[in-house]
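Quick notes on the structure that follows.
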Number of protein chains: 2
Amino acid sequence: MTADPTPHVEVSGNVTGRPRETAGGIQSLDAALWVLTTMARLDGAVGLSDLARACGMPASKTHRYLASFINAGLVRQNGRSGTYDLGPGAIEIGLAAINRHDFVNSVADRFSELTEETGLTGLLCVWGNSGPTVVRWIRAANFIVTSLGLGSTLPLLSSATGRVFFAWLPETITEKLMHEELKRARASGRVIGEAGSGVKGARALAARVREAGYATVDGRFIPGLVAASAPILDWQDEAQAVVTLIGTNPKDIEPGSPAIAALTRFCAEHSVPDRG
Amino acid sequence: MTADPTPHVEVSGNVTGRPRETAGGIQSLDAALWVLTTMARLDGAVGLSDLARACGMPASKTHRYLASFINAGLVRQNGRSGTYDLGPGAIEIGLAAINRHDFVNSVADRFSELTEETGLTGLLCVWGNSGPTVVRWIRAANFIVTSLGLGSTLPLLSSATGRVFFAWLPETITEKLMHEELKRARASGRVIGEAGSGVKGARALAARVREAGYATVDGRFIPGLVAASAPILDWQDEAQAVVTLIGTNPKDIEPGSPAIAALTRFCAEHSVPDRG
DNA sequence: GTCAACGATTCCAGATTATGCAATGAGTTT
DNA sequence: AAACTCATTGCATAATCTGGAATCGTTGAC
């Protein structure tokens with residue numbers, strides 16, 4: 001296929017440019033995948049003529065590609081001569097891709113960029129058998145002494161990390177630890193920071209964290225240290241991992257601060273996009 | 001490309017046969033999509049040589065297809081000359097396909113209410129290229145994770161989910177998988193639960209499931225776990241999705257139990273009313 | 001009921017790419 | 001250092017892909 005001279009016309013307003021042809025690849029496959037990708041970015045079923053225009057291709061060429069996609073199950077057609085849409089094969093490939101996406105390692109690979117950008121110490125946690133569990137540390141220039149090491153678990157309600165897991169995991173997973181921590185708090189006469197009293201207070205805190213998109217704790221959890229955490233979200237809007245930044249300056253965890261902005265952007269970039 | 005004389009060799013034991021070339025399609029695209037589909041059915045990242053063998057193709061040919069898939073984002077490579085795996089573009093296409101599935105989306109929005117009410121683990125499945133495919137699940141407390149994961153396919157005749165699809169989908173859709181499972185059952189000398197022997201037994205089971213309005217399996221399919229499934233029906237009385245509850249207490253799947261009542265009510269609420 | 005318009009689908013001659021084997025490059029093991 | 005394995009690329013040849021035109025099917029206007 002010669003380079004396509006037709007100006008790229010978008011139907012739905014998506015901005016993503018057409019990829020150039022692959023070095024060492026197959027040109028007709030490149031063109032075909034452009035059709036598939038364009039279809040995925042449209043809002044729903046589309047007619048052949050509209051899709052061909054959106055792709056900047058003759059309809060006969062687009063039709064041949066669609067025939068192969070239909071045969072493979074990636075596309076289906078609503079009746080003979082009807083509109084085209086993504087099919088069960090697309091669901092299957094997508095689910096396979098999501099299922100084998102390694103959330104933790106994809107974050108860990110670029111984790112140091114975040115700590116370099118913000119100058120804060122970074123912590124990466126997953127949900128383990130005993131609750132929030134540290135799997136990565138990156139100490140920034142600000143030297144912080146703490147007992148937290150790899151494998152440490154953090155409290156659910158009084159740490160920023162724990163609060164993010166509490167907000168973004170189903171309560172069936174977190175409720176046991178929640179009740180244990182509330183019980184210990186009652187026994188010791190302590191109130192767990194903003195969690196206030198009892199289950200209702202904990203749930204209200206979780207609602208505030210979800211609304212904000214992240215959690216913070218000030219210097220009272222670990223004297224002298226402040227922390228902010230945000231979730232890495234999967235296809236079901238559940239936290240697969242939590243990233244936390246730790247520092248000493250309370251301004252770093254104020255809403256709108258550069259560190260908060262960097263943290264939430266970094267976590268959004270590593271989450272599954274456009275979750276239902 | 002001439003018809004491929006190389007015997008079809010499977011790496012992971014998946015059964016679905018290689019599709020024949022598309023009438024009115026593009027042969028190189030058919031071959032390329034075979035590579036992609038095969039990769040999706042493998043358990044994880046794969047080397048070029050292994051993937052080429054699994055597809056019955058020369059490595060140089062497979063390599064060119066992969067180059068185009070990488071360029072489109074559907075595949076990524078772990079380092080130069082490293083293994084290949086599905087990429088973010090595949091996630092994007094899969095999510096686009098799922099997000100257009102109106103029945104799945106309406107159920108998913110209220111799915112957690114059902115699992116909270118019953119205290120059981122919930123699965124939501126659609127019919128994919130390889131059969132019943134998990135698109136959502138919510139774990140109950142203390143649920144021991146089995147091999148079920150996003151994208152998993154379930155058997156047609158020996159799982160509750162599969163039996164519901166078998167009962168409420170046209171046989172033109174399910175017959176291939178039915179014959180494959182009956183063949184494997186004969187080869188291994190096993191009888192598939194209540195399916196009894198052969199096609200007649202399978203159809204008799206389907207009739208019983210339709211009459212009851214739901215399917216169950218006791219602890220023999222997955223030792224120690226019981227399950228009940230019901231269909232989300234469209235305007236043609238076909239199962240667009242299936243909801244399954246999984247637990248450990250056999251009383252939960254007895255006729256008339258609160259869980260069965262909640263499941264069938266929930267599915268009826270999400271089905272098209274007054275079908276037929 | 002007829003006819004025009006529109007969109008999907010198929011045909012076909014010519015243009016162009018895809019292909020498989022061999023060669024090459026890179027990394028690992030002995 | 002040599003051998004081996006796997007990924008990547010070159011190249012002559014085989015084979016397909018292509019775009020416009022023709023055809024088919026459906027729908028709506030009259």
Side-chain angles (χ1 to χ4, degrees), chain A residues 1-7 9 11 19-36 38-39 42 44-72 75-85 87, chain B residues 1-7 11 20-36 38-39 42 44-72 75-85 87:
Chain A
M1 182 183 78
T2 59
D4 185 1
T6 312
V9 178
V11 169
R20 61 171 63 88
E21 284 164 3
T22 310
I26 302 289
Q27 289 183 335
S28 57
L29 180 54
D30 290 337
L33 294 177
W34 175 244
V35 171
L36 186 67
T38 301
M39 173 177 278
L42 296 174
V46 64
L48 173 69
S49 304
D50 290 334
L51 180 59
R53 275 196 291 278
C55 299
M57 282 180 194
S60 58
K61 177 174 172 177
T62 306
H63 189 268
R64 289 190 195 93
Y65 293 145
L66 287 169
S68 288
F69 284 131
I70 290 168
N71 191 45
V75 164
R76 73 177 152 214
Q77 186 175 19
N78 297 321
R80 184 172 157 82
S81 299
T83 51
Y84 296 87
D85 208 346
Chain B
M1 183 183 75
T2 62
D4 186 358
T6 311
V11 169
R20 63 172 62 92
E21 283 164 2
T22 309
I26 302 289
Q27 290 182 332
S28 57
L29 180 53
D30 290 337
L33 294 176
W34 174 244
V35 171
L36 187 66
T38 300
M39 175 178 277
L42 296 175
V46 64
L48 175 66
S49 304
D50 290 335
L51 180 58
R53 274 194 292 277
C55 299
M57 283 182 195
S60 56
K61 178 174 172 176
T62 307
H63 188 268
R64 291 190 188 91
Y65 292 149
L66 287 169
S68 287
F69 283 133
I70 289 168
N71 190 46
V75 165
R76 72 171 153 229
Q77 187 176 18
N78 297 321
R80 182 170 157 83
S81 299
T83 53
Y84 295 88
D85 208 345

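The chains referred to below are lettered A, B, ... by the order of the sequence lines, with proteins before strands, and numbering in each begins at 1. Every heavy atom of this structure was used, including side-chain atoms; hydrogens, water molecules and symmetry mates were not.
Under the rule for a side-chain contact (heavy atoms from CB on, under 4.5 Å), the partners of B/R76 that lie at least two apart in sequence or sit in another chain are A/H101, B/P88. Under the side-chain hydrogen bond (donor to acceptor under 3.5 Å, both in side chains) criterion, B/S68 pairs with A/D30, not counting sequence neighbours. With sequence neighbours excluded, the residues forming a side-chain contact (heavy atoms from CB on, under 4.5 Å) with A/S49 are A/R53, listed by chain and number. Scanning for side-chain contact (heavy atoms from CB on, under 4.5 Å) contacts around A/A67 gives B/T22, with sequence neighbours left out.
The distance between atom CD1 of A/I26 and atom P of D/dT18, rounded to the nearest whole Å, is 11 Å. If you take CG of A/L51 and P of C/dT9, they are 12 Å apart, rounded to a whole angstrom. Whole-Å rounding puts the B/M57 CE to C/dA18 P distance at 14 Å. Between the CD atom of A/Q27 and the C1' atom of C/dA15 there is a distance of 13 Å, rounded to whole Å. Distance CG (A/L29) to C1' (C/dA18): 12 Å, rounded to an integer number of Å. Distance B/K61 NZ to C/dT19 P: 5 Å, rounded to the nearest Å.
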What N/O pairs connect the protein and nucleotides 4-12 of chain D at under 3.5 Å? Give each pair on its own line.
from	atom 1	to	atom 2	distance (Å)
D/dA7	OP1	B/L48	N	2.5
D/dA7	OP2	B/S49	N	2.7
D/dA7	OP2	B/S49	OG	2.4
D/dA7	O3'	B/S81	OG	3.4
D/dT8	OP1	B/Q77	NE2	3.1
D/dT8	OP1	B/S81	N	3.4
D/dT8	OP2	B/H63	NE2	2.4
D/dT8	OP2	B/Y84	OH	2.2
D/dT8	O5'	B/H63	NE2	2.7
D/dG10	O6	B/R64	NH2	3.0

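Two end axes, each from the C1' atoms of five base pairs, can be drawn for the helix from C/dG1-D/dC30 to C/dT30-D/dA1; they diverge by 40°, to 10 degrees.
Side chains of B/L51 and B/L66 form a contact here, defined as non-hydrogen atoms less than 4.5 Å apart. Looking at B/F69 and B/M39, their side chains never come closer than 4.5 Å, going by heavy atoms from C-beta outward. Using a 4.5 Å heavy-atom threshold, the side chains of B/Y84 and B/H63 count as touching.
One finds no side-chain N or O of A/Y65 lying less than 4.0 angstrom from the OP1 or OP2 phosphate oxygen of C/dT9.
The distance from the CG atom of B/L29 to the CG atom of A/N71 is 9.5 Å, given to the nearest 0.5 Å.
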